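Just so it is clear, the structure is predicted and the values come from calculations on it, not from any experiment. Residue numbering restarts at 1 for every chain, and letters A, B, ... go by the order of the sequence lines.
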There are 2 protein chains.
Amino acid sequence: MITNRNCIIRLSRYKNALYRLRDLGFVKVFSDNLADAIGVTASQVRKDFSLFGITGNRKGGYEIASLLEKLGGILGKDRVERVIIVGAGHLAYALMHYRGFEKEGIKIEAAFDIDPLKFAKNAQIPVLPIEEMKDFVVSNNVKVGVLAVPEIGAQRAADTMFAAGIKGILNFAPLRLKAPNDCTINNVNLEIELENLVYFVNILGKKGEDKI
Amino acid sequence: MITNRNCIIRLSRYKNALYRLRDLGFVKVFSDNLADAIGVTASQVRKDFSLFGITGNRKGGYEIASLLEKLGGILGKDRVERVIIVGAGHLAYALMHYRGFEKEGIKIEAAFDIDPLKFAKNAQIPVLPIEEMKDFVVSNNVKVGVLAVPEIGAQRAADTMFAAGIKGILNFAPLRLKAPNDCTINNVNLEIELENLVYFVNILGKKGEDKI
DNA sequence: ACTTTATTGTGATTTAATTCACAACAAGTT
DNA sequence: AACTTGTTGTGAATTAAATCACAATAAAGT
């Protein structure tokens with residue numbers, strides 16, 4: 001069981017690069033093409049594939065269609081992933097309007113908030129009272145949610161999500177969430193991202209280029 | 001020169017935890033308090049500090065005020081960091097309204113777009129034509145920018161930023177930007193973040209807990 | 001003043017991730 | 001059919017990151 005986050009992120013990047021190559025009409029690809037595309041070494045590509053038992057043809061490289069299928073399977077893209085957003089603020093609005101999840105099989109199903117002014121039961125992506133979250137999550141079998149509320153209410157909102165059956169949270173609130181043992185938290189902290197960027201800009205050069 | 005991104009991110013987290021402790025009235029802190037606060041080992045905390053020549057008192061731990069000052073210096077928080085946003089869409093709007101950068105000394109100075117409908121020269125954070133970016137960047141000595149345009153225009157927009165003198169980009173477009181050698185790119189790819197989350201939810205447990 | 005206790009600071013060790021390097025081999029060439 | 005070429009697949013080596021473990025030592029207690 002591979003638990004190296006960077007490795008999994010590379011798989012996503014390979015997949016994205018492969019989509020492009022395919023759309024350009026390519027059928028086969030070599031490890032060094034993929035390596036160039038995402039900025040790693042060819043060894044790294046082959047090792048990553050090897051870790052997941054993905055093989056190509058010696059000499060012939062890899063068949064793109066087959067690779068995409070295998071990567072899709074590993075990353076759980078063989079079905080549509082239903083996602084909710086908790087907190088219907090500006091960020092939620094941006095995510096709901098982002099056309100880019102769809103092609104990745106990610107479907108934002110609904111947003112939830114405590115503010116009645118935000119409710120929009122009949123919108124394309126409905127905004128519902130947070131009390132309705134549990135029913136919604138259970139009946140739609142949602143496992144993953146985005147947490148986009150202010151820091152002050154974040155832990156409470158997360159707890160509500162866990163209680164509803166959510167197993168993974170993409171957390172935009174700038175704090176460390178406490179979570180049950182079988183749940184996963186991925187944090188996106190924009191202050192920290194910018195701060196990090198400033199550090200690497202300051203120490204000059206691109207030594208700190210996105211290490212992922 | 002430390003170029004371990006995770007290490008730098010930890011410094012930011014220590015800093016955030018320290019702000020809280022300070023606001024709670026604490027004056028001193030031990031490595032294991034900080035470790036608990038951000039979810040790493042006490043050794044890791046001390047090693048990180050040691051790497052940057054930060055020392056405390058044997059027995060007495062670290063003085064919070066002094067630690068904050070040193071971390072601030074390392075992370076470039078001893079002055080306000082001026083930042084621009086390129087692309088005035090929903091995400092830019094969310095970032096411009098986010099009250100959370102301010103306390104970190106991050107100031108969003110302006111946004112730029114090609115669409116005249118978006119222009120708002122006199123808004124609190126002005127939205128200006130992209131042609132004005134270079135002048136703005138030069139005269140305000142901006143070094144860091146957020147790239148929040150659709151994938152299709154992202155590389156061109158980035159090139160404009162580099163030409164204007166931007167040295168670091170926080171890139172939300174889902175592609176690998178080509179950048180000059182002395183420039184840093186940090187990517188935030190929400191499709192990939194969600195895909196990654198789905199992977200770790202699927203392999204169950206929280207093995208993949210945010211590795212940063 | 002001496003002893004105990006608690007904590008740092010860091011060299012040594014371990015673990016994890018990446019890169020190297022090359023045998024295996026498929027496809028094409030003579 | 002033998003030879004050449006180019007690419008994979010992976011064990012071995014290397015590099016990087018994290019953890020361990022303990023001497024050094026400051027503060028508190030006796």
In terms of side-chain heavy atoms of A:Phe30, which of D:dA17, C:dT18, D:dT7 is nearest?
D:dT7
Base, sugar-phosphate or nothing for B:Tyr62? Non-hydrogen atoms, less than 4.0 Å.
sugar-phosphate
Considering only NZ, NE, NH1 and NH2 on the basic side and carboxylate oxygens on the acidic side, decide whether B:Glu195 and A:Lys15 come within less than 4.0 Å.
yes
B:Ile114, CD1: over 12 other non-hydrogen atoms inside 6.0 angstrom:
no
Could B:Glu63 and B:Arg22 be called an ion pair, given the rule that one side-chain N must be under 4.0 Å from one carboxylate O?
no
Could you give the NZ-to-C1' distance, from B:Lys70 to C:dG9, as a whole number of Å?
13 Å
How many whole angstroms separate atom CD1 of B:Ile2 from atom P of D:dA18?
12 Å
Between D:dA18 (C1') and B:Arg46 (CZ): distance, integer Å
13 Å
To the nearest Å, how far apart are A:Glu63 CD and D:dT7 C1'?
16 Å
Would you kindly give the NZ-to-C1' distance between A:Lys47 and C:dA17, to the nearest whole Å?
10 Å
State whether A:Glu69 and A:Lys77 are salt-bridged, where the test is any N-O pair (Lys NZ or Arg NE/NH1/NH2 against Asp/Glu carboxylate O) under 4.0 Å.
no
Show each protein N/O and nucleotides 27-30 of chain D N/O combination with a separation under 3.5 Å, one pair to a line.
none

Does B:Gln44 put a side-chain nitrogen or oxygen below 4.0 Å from OP1 or OP2 of D:dA17?
no
Rounding to an integer number of Å, can you tell me how far B:Leu51 CG sits from C:dT8 P?
17 Å
Nucleotide D:dA18, atom P - distance to CD1 of B:Ile8 in whole Å:
11 Å
Remember a base hit wins even if backbone is also touched, and classify A:Ser43 as base, sugar-phosphate or nothing at under 4.0 Å, heavy atoms.
base
Whole angstroms only, please: what is the CZ-C1' distance between A:Arg5 and C:dA16?
17 Å
One pair to check against side-chain hydrogen bond (donor to acceptor under 3.5 Å, both in side chains): A:Asn57 and A:Lys59. What are the steps and the verdict?
CA-CA 6 Å; A:Asn57 301 29; A:Lys59 185 99 177 187; over 6 Å; no
Please state whether the phosphate of D:dG9, meaning OP1 or OP2, lies under 4.0 angstrom from any side-chain nitrogen or oxygen of A:Ser50.
no
With a sphere of 6.0 Å drawn around NZ of B:Lys134, does it hold more than 12 non-hydrogen atoms of other residues, nucleotides or ligands?
no
Strictly below 4.0 Å: does B:Ser31 bring a side-chain N or O up to OP1 or OP2 of C:dT8?
yes
My understanding is that only one of B:Leu170, B:Ile85, B:Leu177 makes a side-chain contact (heavy atoms from CB on, under 4.5 Å) with B:Leu147; could you say which?
B:Leu177
Within less than 4.0 Å of OP1 or OP2 of C:dA16, is there a side-chain N or O belonging to A:Asn6?
no
